[in-house]
Structure formats: C-alpha cells, structure tokens
Amino acid sequence: MFEFGDIRFRPIEKDDLKTLHRWENDFELIMYSRSKPINFVNMTQLEKLYEEWVKDKKHLRFIVELRTHAKEALGIARLQLGTWGNVRTADVGTYIGKKALWGKGLGQQITVALLEIAFNQLNADRCEAWSVEFNRRAHKSLEACGFKKYGAARQVAFVNGRKWDGYHFDILRDEYLPMRMELLEQTLNEKTEEYLQKHCPALSS
Ligand SMILES: CC(C)(COP(=O)(O)OP(=O)(O)OC[C@H]1O[C@@H](n2cnc3c(N)ncnc32)[C@H](O)[C@@H]1OP(=O)(O)O)[C@@H](O)C(=O)NCCC(=O)NCCS
C-alpha cells in the first residue's frame, strides 16, 4: 500500500473487476480517459486483461481509495516505466471513476503521488502523460502538478463528430525536485510531515 495524504494506492484485486466493469463502460469517463467512448468491454474481456495485468511487471496499476473509506475504490492510477537509451521515462495516467469527486483536487493528489513513486521510488528521469485536446480538466490538473505541454499529435481522436489533437505533457526530474516541497505541502497540507517521516526521513523536521 502507498499512502499519500487522503488517498491510498493498493493493488487491483479480482473483486474490483465489477467496479472496473462499470467504469470502463461509462461513456463520459472513457471519452475523457481514452477518447474511445464506444469501445465497451465485457466481463470476459476484462478478466482476460486482468490476467495480463497480473503478469505485467513493467506496468504498475493501482486502485485508488480514500484512506477513510478502505475497500471503496474511487479510481485507478497507472505507471509504466520504460527506458530509451539511458533515460528512464514513466508514463503515468489516472481516472477517477466516482464522477461526483471530479474537480475537488483529488486528481492533483493522485498525480503527485504518481510523481513521488516515479521519482522517489523508481528513479525515473522524466514522467510523461497524454490527454485529448478537449480534456481541459485533465490539462489543468497536470499543469498544477508541474507538467508542461511539449507537443501535440494532430487529429488522433475522432469523438462526437469531429477530430481532436492529442496533447503530450512531461516533467523532468530536475524540474520536479525544486518544486517538490511546495507540491507536497499544497497536496498534503497537514499530512505533509507524516508523509515525509515515512518516505523521506532525512527531510522531516
Ligand atoms: C482528469 C482527472 C483525473 C482530474 O482530477 P480532478 O480531481 O477532477 O481534477 P483537479 O481537481 O485536480 O483539477 C482540476 C483542474 O481543472 C479545473 N476544472 C475543473 N472542472 C473543469 C472543467 N469542466 N473545465 C476546465 N477546467 C476545469 C479546476 O479548476 C482545476 O484547476 P486548478 O488546479 O487550476 O484550480 C479527473 O477529472 C478524471 O478522472 N476525469 C475523467 C477521466 C480523465 O480525464 N482521465 C485523465 C485522462 S488524461
């Protein structure tokens, strides 16, 4: 388990597949997260995917839950570590399945937790994320965590009657470290000290 402020990352269990089945077939949610809102997935397909996830060592997938509501999934977070030359890049992503919780700062908390895992546990050199042009909420949430838009793939998605670009965002380790304490304090508030004591004892007061 990885606890970060109000949230906890834990492994995806078979019991979570029912919840994932609901989310992965939610038109609006999938429109934003994958920009393929009509690509529904049935339980058999999901079970097969789950068997692949279990074997996949490079792609970490987590259920996100509130620490106050253990066993009640609120979304998922994922991180895939890859190496190109000598540079280690973590591709990160998340969605909040409980739509009533959108826009309340949880996305920022989840993304900073992913950055902490990438830079503080996996020794990544950079992190990147992808988001479709119309997903303003995701762009703002990523930018609030220090990500910068570095390019756009033109017209890669066709949704709701038109083509959209796909935006690429990244953040370098060298950019993250100087802003780290500010981001931790911004997302963790009074839980900052608790986190530092557990994960970076040298930095706690
Ligand atoms: C994207 C997602 C993870 C962001 O998490 P969140 O908790 O909703 O977002 P946050 O509260 O951290 O930040 C949202 C930001 O967008 C702004 N915002 C909220 N609603 C918005 C809207 N409808 N349009 C534009 N901006 C919006 C907020 O003001 C905030 O910006 P600020 O930090 O500058 O104040 C979440 O909304 C989600 O799961 N969406 C559906 C799936 C998805 O898009 N996944 C990401 C794919 S890249």
Side-chain angles (χ1 to χ4, degrees), residues 2 4-9 12 16 19-41 46 59-69 72-80 89-118 126-160 164-171 175-176 179-180 182-189 191-192:
F2 181 77
F4 188 79
D6 302 327
I7 55 172
R8 176 187 295 119
F9 285 7
I12 303 178
D16 295 310
T19 308
L20 286 183
H21 182 255
R22 201 169 63 243
W23 292 344
E24 295 286 334
N25 290 293
D26 184 308
F27 186 97
E28 188 187 23
L29 176 58
I30 297 310
M31 176 180 83
Y32 285 118
S33 69
R34 282 207 303 272
S35 55
K36 290 179 192 159
I38 212 71
N39 285 31
F40 302 134
V41 53
L46 210 49
H59 203 150
L60 308 177
R61 295 176 176 84
F62 307 102
I63 286 289
V64 185
E65 58 190 20
L66 285 174
R67 284 167 70 180
T68 48
H69 292 69
E72 217 180 287
L74 71 86
I76 62 164
R78 44 156 288 273
L79 182 156
Q80 185 170 24
T89 294
D91 176 55
V92 301
T94 182
Y95 71 63
I96 297 172
K98 287 195 170 185
K99 294 192 278 185
L101 298 178
W102 288 358
K104 297 184 190 306
L106 273 170
Q108 196 182 333
Q109 217 169 122
I110 296 168
T111 301
V112 177
L114 285 166
L115 291 175
E116 280 293 295
I117 292 175
R126 56 190 292 280
C127 282
E128 59 183 25
W130 184 91
S131 178
V132 69
E133 182 183 351
F134 56 77
N135 198 349
R136 289 288 307 132
R137 200 187 291 109
H139 306 161
K140 287 190 106 182
S141 186
L142 286 167
E143 282 161 357
C145 300
F147 277 84
K148 289 181 185 148
K149 182 180 157 197
Y150 71 88
R154 292 179 300 152
Q155 303 194 1
V156 286
F158 184 88
V159 182
N160 294 339
W164 304 88
D165 291 349
Y167 291 173
H168 293 279
F169 293 84
D170 68 1
I171 178 168
E175 290 167 340
Y176 181 68
M179 66 173 77
R180 181 177 183 222
E182 197 184 326
L183 274 178
L184 289 178
E185 275 161 12
Q186 205 177 301
T187 45
L188 298 176
N189 302 306
K191 294 197 175 83
T192 308

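This chain uses plain numbering: 1 for the first residue, then up along the sequence. As the structure lists them, so they are numbered: ligands from 1, and atoms in each ligand from 1. Keep in mind that this is a model prediction, so the values were computed, not measured.
The side-chain contact (heavy atoms from CB on, under 4.5 Å) test with Y32 singles out one residue from N135, D26, V159, and that residue is N135.
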Using a 3.5 Å cut-off on N/O to N/O, what pairs does ligand 1 make with the protein? A line per pair would be great.
unit_1, atom_1, unit_2, atom_2, d
ligand 1, 7 (O), L106, N, 3.4
ligand 1, 7 (O), G107, N, 2.7
ligand 1, 8 (O), G103, N, 2.6
ligand 1, 11 (O), K104, N, 3.4
ligand 1, 11 (O), G105, N, 2.6
ligand 1, 12 (O), Q108, N, 3.0
ligand 1, 12 (O), S141, OG, 3.1
ligand 1, 20 (N), R137, NE, 3.3
ligand 1, 39 (O), I96, N, 2.7
ligand 1, 44 (O), N135, ND2, 2.7
ligand 1, 45 (N), T94, O, 3.0

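Listed by chain and number, the residues in a ring-ring contact (aromatic ring centres under 6.0 Å, His included) with F4 are Y195 (sequence neighbours excluded). Legend: residues meeting ring-ring contact (aromatic ring centres under 6.0 Å, His included) with Y167, ordered by chain and number and at least two apart, are H139.
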Side-chain atoms of residues 102-113: list all donor-acceptor pairs with protein atoms under 3.5 Å, sequence neighbours left out, distances to 0.1 Å.
unit_1, atom_1, unit_2, atom_2, d
W102, NE1, I96, O, 2.8
Q109, OE1, D6, N, 2.8
T111, OG1, G107, O, 3.0

Show the numbers, then the answer: is there a side-chain contact (heavy atoms from CB on, under 4.5 Å) between L79 and R61?
CA-CA 7 Å; L79 182 156; R61 295 176 176 84; over 6 Å; no
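Between F134 and W164, the ring-plane angle classifies as perpendicular under the 30° and 60° cut-offs.
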